[in-house]
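Below: the structure, in structure tokens.
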Amino acid sequence: MNPEMILKQYFGYDDFRKGQRELIDCILEGKDVLGIMPTGAGKSICYQVPALMFSGITIVISPLISLMKDQVYSLSQAGIPAAYINSSLSDMEIYKTFEYARQGSYKILYIAPERLDTSLFLDFIAYADISLVAVDEAHCVSQWGQDFRPSYLNIAAFVTQLQKRPVLCAFTATATSEVKDDILCILGLNCPKLFITGFDRKNLYFAVKHVKKKKEEILHYIKEHRNQCGIVYCSTRNNVDEVYELLCQNGIGAARYHAGMSKEERTESQEEFIYDIKMVMVATNAFGMGIDKSNVRYVLHYNMPQSMENYYQEAGRAGRDGENSECILFYEPRDVHINKFLIENKESKKELTKEEEEAIRERDYKRLREMTFYCTTKECLRNFILKYFGERTGADCGNCSNCLMDYKKTDVTELSRKILNCVYELKQHFGINIVIGVLRGSKAARILENGFDRYRTYGTLAEYAESSLRQIIDVLLQEKMLIQTDDSYPVLRLGTDYLKLKEETNRIYIKNEIRRTKEVAKEISEKKSVLTSKGYTLFEKLRLLRIEIAKEENIPPYIVFSDKTLNDMCIKLPFTPEEMLAVTGVGQNKKEKYGERFSELILQVTGGDREGYSWTESNKVASNRVTISGTNTTKKKESSRSEKHEKEVQKEEFTFTKWMAERIQCEGNCTLSEFVGKLNQQINEKQMKRLTIVSVEKKLEEEGYIYCEHQLHTAIVVKEKGKKKGFFVIQRISQQGNPYDVLMMNERAQRWLLEKVAKE
Ligand code: ADP
Ligand code: ZN
């Protein structure tokens with residue numbers, strides 16, 4: 001069998017994702033590899049597929065018990081014999097597992113790094129035929145990260161002990177160059193080939209919300225997403241308890257997790273969440289390590305975390321299955337102070353010298369400042385993240401709250417010059433508050449005592465609000481025209497790029513929101529689903545069946561089937577177990593195990609009516625616009641469209657008579673799809689093909705009225721010619737938070753198009 005066949009038969013997937021196939025080829029050729037791929041990219045498949053192709057056993061070194069369990073459950077579900085060795089097993093169980101492994105019962109054996117030098121393991125490897133060793137979470141070998149595991153240092157020695165050197169591969173999602181170098185040096189990889197796929201998680205929507213009533217907003221959001229799993233991160237135990245109480249009082253099934261709870265309580269909470277018994281987890285950052293739950297649809301941050309590293313790791317727990325998910329940070333300036341307090345009062349580590357401790361604190365402040373920039377920037381959030389992690393960025397993503405917001409741009413170059421002058425006049429010795437105070441002509445004691453009221457810049461920006469000046473200073477910091485020192489009383493200094501402002505052509509802008517976040521939030525909640533409403537009801541029924549099966553088998557629901565798989569079932573509507581095989585994530589084994597129960601339920605709920613559950617013309621168009629990930633789904637939609645098309649071949653082409661046109665009323669503004677719908681009501685659909693929105697859009701584009709960009713989401717631009725006819729565009733937000741443009745027509749445009757259609 002080749003890798004594609006294995007992927008389909010065992011895992012139920014049609015194609016490899018970016019980077020997977022190349023990496024697998026390398027392993028199959030016997031070369032060592034290091035794969036640096038973001039969470040959810042599908043690292044496990046990269047060693048699991050070769051494991052099935054090699055003759056011997058594959059050893060996977062993994063640091064987390066819960067992850068190992070999950071992986072072994074998943075593999076068993078896929079019909080792949082696997083086991084794990086870690087401290088959760090009794091000595092007897094460990095002994096037996098090795099016994100079975102010796103007999104060749106497993107293709108893959110997971111082991112905790114601490115077990116590598118135990119005598120039982122050494123006995124086992126003395127005779128075992130080991131083809132491949134995979135090191136998961138390879139960054140644990142590096143002392144740079146927070147996840148350092150000393151026992152990872154033994155891996156290289158273990159590999160050299162083996163009689164025959166197996167292929168060695170390592171995987172991590174941590175991409176900093178220090179960590180990468182450590183992995184390369186310490187693990188003993190032999191001239192490894194590096195696979196670094198982008199850091200971007202396209203299925204995640206990023207948003208920052210500046211709101212006063214955070215609790216209400218969060219409650220509202222969670223109510224709107226009742227049937228979805230999500231995590232709310234808070235920075236303190238108190239906040240966790242408060243948010244948790246609030247959710248419980250409002251009838252939402254929530255669990256909580258923080259270091260103040262007993263170990264038993266924490267385990268119970270975690271299980272409730274993993275098994276979909278409680279849909280929401282409210283937690284401090286103590287929660288999440290080793291959580292592989294793939295159907296987390298949103299991660300909300302009630303407080304701003306301390307660094308982008310923390311934020312991206314926590315937010316990244318959303319959408320591991322590749323389905324669209326949301327990461328929303330609720331920002332409040334107070335969070336900066338809370339975090340400063342936390343940094344200042346961090347327990348000191350004994351082994352560090354005073355200087356080292358100071359250096360770490362400085363680094364923490366610097367990270368906190370970057371994190372704050374993320375919360376205040378008006379630029380594309382995804383690009384901000386990618387830039388932070390040192391990746392090249394492209395055009396704005398169109399799938400974050402900043403890209404969705406309309407802004408008014410104001411030139412503040414003159415004001416910026418005055419601010420820089422003031423910093424200079426203050427000899428680069430004072431912090432933001434004094435600079436603003438001087439510029440605004442404050443009479444505060446500290447300013448008068450120092451005689452700053454005699455400075456040239458004193459009071460020169462008296463008419464501006466403090467918040468406006470702060471906003472400009474933020475931009476100047478981001479543009480490196482100003483810098484802020486890295487200590488607890490940060491001072492403003494001129495930055496490396498401040499001279500740029502001397503050139504007339506370099507301008508500084510600030511952006512202010514025109515549409516309030518709330519309005520966008522409202523639109524998000526009014527959004528249309530990727531599934532039809534009937535499809536959504538079906539999804540719910542399938543989800544309940546999944547919970548039932550999970551309970552029967554005592555495994556987490558997402559291991560039965562992922563959300564992505566259930567979604568695909570609602571689109572493809574398999575009525576028989578055989579048809580199930582076309583659904584993404586259903587391999588041979590799962591088909592046999594669950595195919596019948598799921599396909600029966602689908603048949604029963606739909607009554608065999610595929611048409612009734614398929615897409616109407618208008619939401620097909622919308623869905624193509626909002627689908628960001630999941631090429632499979634898009635492909636299917638296209639093919640179902642062409643199937644439909646074939647059926648329609650017999651019908652006559654759409655024609656519209658003058659007589660029909662007279663019965664159409666043109667009044668007010670309407671969307672193009674509403675208008676096309678009106679026209680289609682006039683024809684006999686049994687005999688005649690419907691007019692499609694896509695065809696009208698195409699025609700308008702060909703004739704130069706509009707311009708459509710059919711990329712990730714459709715952006716429509718109305719050209720001058722189209723504007724004259726009365727076309728315009730409004731933006732809507734899909735359920736997943738992705739924007740799509742809707743072409744609108746005023747009365748004039750409707751009459752014009754009607755005439756045009758009737759003529760042609
Ligand atoms: P990582 O370890 O990189 O965070 P996982 O290995 O857990 O990611 O994979 C994330 C999800 O993506 C899993 O549900 C996995 O089954 C799925 N997946 C992996 N490869 C593919 C593929 N080629 N096509 C579809 N889904 C895939
Ligand atoms: Zn963006």
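Starting from 1, each residue takes its place in the sequence as its number. Counting starts at 1 for both ligands and their atoms, in listed order. We use all heavy atoms of the structure for the numbers below, so side chains are in, but hydrogens, waters and symmetry mates are not.
A salt bridge links Asp14 with Lys8: the distance from a Lys NZ or Arg NE/NH1/NH2 to an Asp or Glu carboxylate oxygen falls below 4.0 Å. Under 4.0 Å is where a charged nitrogen must lie from a carboxylate oxygen, and between Glu114 and Arg149 at least one such pair does. By the 4.0 Å N-to-carboxylate-O rule, Asp25 lies close enough to Arg21 to be salt-bridged with it. Contact check on Arg597 versus Glu548 returns a salt bridge, with a Lys/Arg side-chain nitrogen under 4.0 Å from an Asp/Glu carboxylate oxygen. Salt-bridge check for Asp563 with Arg320: failed, with every basic side-chain N at 4.0 Å or more from each acidic carboxylate O. Checked for salt-bridge contact, Lys378 and Asp474 miss the test: no charged N lies under 4.0 Å from a carboxylate O.
The aromatic rings of Tyr311 and Tyr374 sit tilted relative to each other, their planes meeting at an angle between 30° and 60°. A perpendicular orientation is assigned to the rings of Phe598 and Tyr594, their planes being inclined by more than 60° (bins at 30° and 60°).
Comparing heavy-atom distances from atom 26 (N) of ligand 1 across Arg21, Arg17, Lys8 singles out Arg17 as nearest.
No close placement of the His301 and Phe330 rings is indicated, their centers lying 6.0 Å or farther apart.
Listed by number with element, the atoms of ligand 1 under 4.0 Å from a non-hydrogen atom of Phe16 are 23 (N). Atoms of ligand 1 found under 4.0 Å from any heavy atom of Pro38, numbered from 1 in the order shown, are 3 (O). Listed by atom number, the atoms of ligand 1 under 4.0 Å from Thr39 heavy atoms are 4 (O). Residue contact check: Ile45 has heavy atoms under 4.0 Å from atoms 19 (C), 20 (N) of ligand 1.
Remark: ligand 1 and Lys43 share an N or O pair separated by less than 3.5 Å (distance only, no angle test). Checked against a 3.5 angstrom limit, the closest N/O atoms of Gln20 and ligand 1 fall inside it. Between Gly40 and ligand 1, an N or O atom pair is found at a separation short of 3.5 Å. The shortest N or O to N or O distance between Ser44 and ligand 1 is under 3.5 Å. Close N/O approach between Tyr13 and ligand 1 is found [any backbone or side-chain N/O within under 3.5 Å]. On a distance-only criterion, Arg320 and ligand 1 share at least one N/O pair closer than 3.5 Å. Residue-to-ligand polar distances place Gly42 within reach of ligand 1: an N/O pair is separated by less than 3.5 Å.
Residue Asp15 places a heavy atom less than 4.0 Å from ligand 1. Under the 4.0 angstrom criterion for non-hydrogen atoms, Met37 is not in contact with ligand 1. Within the 4.0 Å heavy-atom cutoff, Ala41 counts among the residues contacting ligand 1. The closest approach between any non-hydrogen atom of Ser74 and ligand 1 is not below 4.0 Å.
Rounding to 10 degrees gives 110° for the angle at the Zn ion (ligand 2) between SG of Cys380 and SG of Cys403.
Arg17 places a side-chain N or O within donor-acceptor distance of the main-chain N or O of Ala41, the cut-off being under 3.5 Å.
Geometrically, Lys43 does not engage Tyr47 in a cation-pi contact defined by less than 6.0 Å to the ring centre and at most 45° from the axis. Both tests do not hold together for Lys551 against Tyr275: distance to the six-membered ring centre under 6.0 Å, angle to the ring axis within 45°.
Contacts between Asp14 and ligand 1, counted as non-hydrogen atom pairs separated by less than 4.0 Å, are absent for every part of the residue. Heavy atoms of Ser562 found under 4.0 angstrom from ligand 1: none, in either backbone or side chain.
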